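Counting from 1, the numbers follow the sequence of the chain as shown. Because the structure is a prediction, the values reported are computed rather than measured.
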Amino acid sequence: MLLRDPFATAGAVILLLVGATAVFGPLLVGDLATKQDLMFANEAPFNPANGWEYILGSDSLGRSMLARLVVATRTTLLVALPAVLVAMVIGSLWGVWAGYHRGARENVSMRIADVIMSFPSLLLAVVVLYVFNPSIANIVLILAITRIPIYLRTARAESAELQSRTFVDAARTFGARPNAIIRRHVVPIIAPTILTLATLEFCYVMLAESSLSFLGIGIQPPDVSWGLMVAQGRQYLQTAWWLSILPGLAIVITAIAANMLAAWLRIATDPAQRWRLTLPGRKRFIHRLPVRKMAAAAAATDASSARTTRADTEPTPLQEKQ
C-alpha cells in the first residue's frame, strides 16, 4: 500500500535516509566536522574542485558543511525522537486510563492537561531552559512535558468512546479485569491514531528544538544541531547564504516528509479508509468522444427515451376494448 502512494513513499525514503545518516554518518565524517582551516573559510558550495568533503561549502572556520550537517542530524534526532516517545507513552497510557475509568480520575487528568496547555509550550521551554542548564536531557524533558497533554486528550477521548462499545461490555461481563481490557481491547484500537499523531508531533518537536537553538538556549557548542547551524549562519546571510539555508532546507524537507508519511499512515491504519490505498492507479488521460459522435449518441438516447415514453402512454388493445 505504501508503494501505491508516491508521496508517502518519497517521505518514507527521505526519513530512512535521515535515520541512516544519523546512525552511520558521524562514524564516517565525524572528524571533518571539527577540522578547521581558516584559509578555506566560507567556500561556496557545489564546487567539485574543492573535493567531496566540501561539496556543500565550508563555514566561517573552514569546517566542512557536509560533515557538520551529518553530525547535526544525529543531535537533532537525539532530541526529537526521545521527546516524542516519552510524551507518547506517558500521555497515551494516562489518557487511556482516565478515559476508561471516567469520573474523578478523568476530571483531575483533564484539569492537569489544561494547566499545562495554558502556558505556550515554546515560552515555557524558554523560561525553564533559561533558568536551568540547556543540555540535551533538559531539552528532551521540557519538550516531552509540554507535549504530554496532546496525547492525553486524544487517548482520553478515544478510550471514553470505546469503553461503552459492545465488545468491551462483553469482556467486562465475562469477568475480564479493567487492566486486561485496556491492554487487549482498547490500546490496539487507539494505537493507529496515536502513531499518526506521534508522526506529526515529531515535526513540531524538531522545529521547537531548532527554534530554541536559534534563540541560543538550545543545543550549545561544541555540539551542533540544524537549528544551531541556522543561528550561527544568520550573520553571514549576505556573504555566505549556505551557512543558514542548507540546514534550514534539511529541517523543511524532513518535516514535509514526516507530514506526507503521517497522511498515508492515517489512511492505512483506518479500516474504513484503507480501501482507498488498494485501488489501481488513476488513468493519466481521459479519452473523450468526438463532438459528432457525442451528438449522435445524445440524439439516439433522446429518441430511445421518446419511444419508451410513447409506448408507456399509448393504450393497449385490452384497454381500448374496455
Side-chain angles (χ1 to χ4, degrees), residues 79-129 131-132 137-209 212 258 262-263 265-274:
V79 173
L81 290 179
V84 171
L85 290 177
V86 170
M88 180 181 67
V89 172
I90 296 177
S92 301
L93 295 180
W94 188 359
V96 170
W97 173 79
Y100 181 83
H101 293 286
R102 309 298 296 268
R105 306 176 188 181
E106 181 184 22
N107 293 331
V108 173
S109 300
M110 288 300 98
R111 299 297 77 77
I112 295 175
D114 293 339
V115 170
I116 297 176
M117 295 188 67
S118 63
F119 297 95
S121 58
L122 190 59
L123 179 60
L124 181 61
V126 168
V127 173
V128 173
L129 293 176
V131 175
F132 298 97
N138 289 338
I139 295 174
V140 171
L141 181 62
I142 190 61
L143 290 178
I145 291 175
T146 56
R147 306 317 295 172
I148 284 177
I150 305 299
Y151 298 95
L152 172 59
R153 295 169 68 92
T154 303
R156 196 276 313 173
E158 294 281 342
S159 179
E161 192 271 335
L162 289 174
Q163 64 95 21
S164 60
R165 292 283 189 91
T166 304
F167 62 91
V168 176
D169 289 337
R172 192 182 299 113
T173 302
F174 280 104
R177 296 183 177 180
N179 292 335
I181 296 176
I182 292 174
R183 183 175 64 255
R184 297 179 181 179
H185 302 287
V186 178
V187 172
I189 294 179
I190 70 172
T193 302
I194 298 299
L195 185 60
T196 305
L197 179 61
T199 308
L200 296 175
E201 285 294 304
F202 168 77
C203 302
Y204 176 85
V205 172
M206 185 178 61
L207 294 175
E209 181 275 325
L212 293 174
L265 193 63
R266 179 182 58 83
I267 300 176
T269 55
D270 187 357
Q273 300 291 332
R274 192 179 304 161

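Atoms CD and CD1, on E209 and I139 in that order, are 6.0 Å from each other to the nearest 0.5 Å. Rounding to the nearest 0.5 angstrom, the gap separating the OG1 atom in T193 from the CG atom in L265 is 10.0 Å. With rounding to the nearest 0.5 angstrom, the CZ atom of R102 is 6.5 Å from the CZ atom of R156. Taking CH2 from W94 and CD1 from I112, the interatomic distance works out to 4.0 Å, rounded to the nearest 0.5 Å. How far CD1 of I90 is from CG of L85: 11.0 Å, rounded to the nearest 0.5 Å.
Residues A144 and V86 share a closest heavy-atom pair of CB-CG1, 3.9 Å. Contact between V84 and F202 at its shortest, heavy atoms only, is CG2-CA, 3.7 Å. In terms of heavy atoms, A262 sits closest to T196 at O-CG2, 3.6 Å. Closest approach of V140 to A83, counting heavy atoms only: CG1-N, 3.7 Å. Shortest non-hydrogen contact noted between S159 and G99 is OG-C, 3.6 Å. Closest approach of G91 and A155 over heavy atoms only: O-CB, 4.4 Å.
Atom CZ of F167 is surrounded by more than 12 heavy atoms from other residues, nucleotides or ligands within 6.0 Å.
Every pair tested for side chain to side chain donor-acceptor pair (under 3.5 Å) that includes a residue from residues 175-184 fails, sequence neighbours excluded, so the list is empty. Each side chain to side chain donor-acceptor pair (under 3.5 Å) pair with one or both residues in residues 139-151, not counting sequence neighbours, appears once here: R147-E201.
A 4.5 Å side-chain heavy-atom check between I116 and I148 finds every atom pair outside the cut-off. Side-chain contact between D114 and R153 is present, with heavy atoms from C-beta onward closer than 4.5 Å. Counting heavy atoms from C-beta on, the side chains of Y100 and I181 come closer than 4.5 Å. Side-chain contact check for E158 versus V96: every heavy-atom pair is 4.5 Å or farther apart.
Here D169 pairs with R172 under the side chain to side chain donor-acceptor pair (under 3.5 Å) rule; sequence neighbours left out.
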Exercise. Would M88 and I194 count as a side chain to side chain contact (heavy atoms under 4.5 Å, CB included) if you check the C-alpha gap in whole Å, the side-chain angles of each, and the deciding distance to 0.1 Å?
Worked result: CA-CA 7 Å; M88 180 181 67; I194 298 299; 3.5 Å; yes
Exercise. Could you go step by step and tell me if I150 and M117 meet the side chain to side chain contact (heavy atoms under 4.5 Å, CB included) rule?
Worked result: CA-CA 9 Å; I150 305 299; M117 295 188 67; 3.9 Å; yes
Problem set entry | Evaluation steps, side chain to side chain contact (heavy atoms under 4.5 Å, CB included), between V79 and M206 | CA-CA 8 Å; V79 173; M206 185 178 61; over 6 Å; no
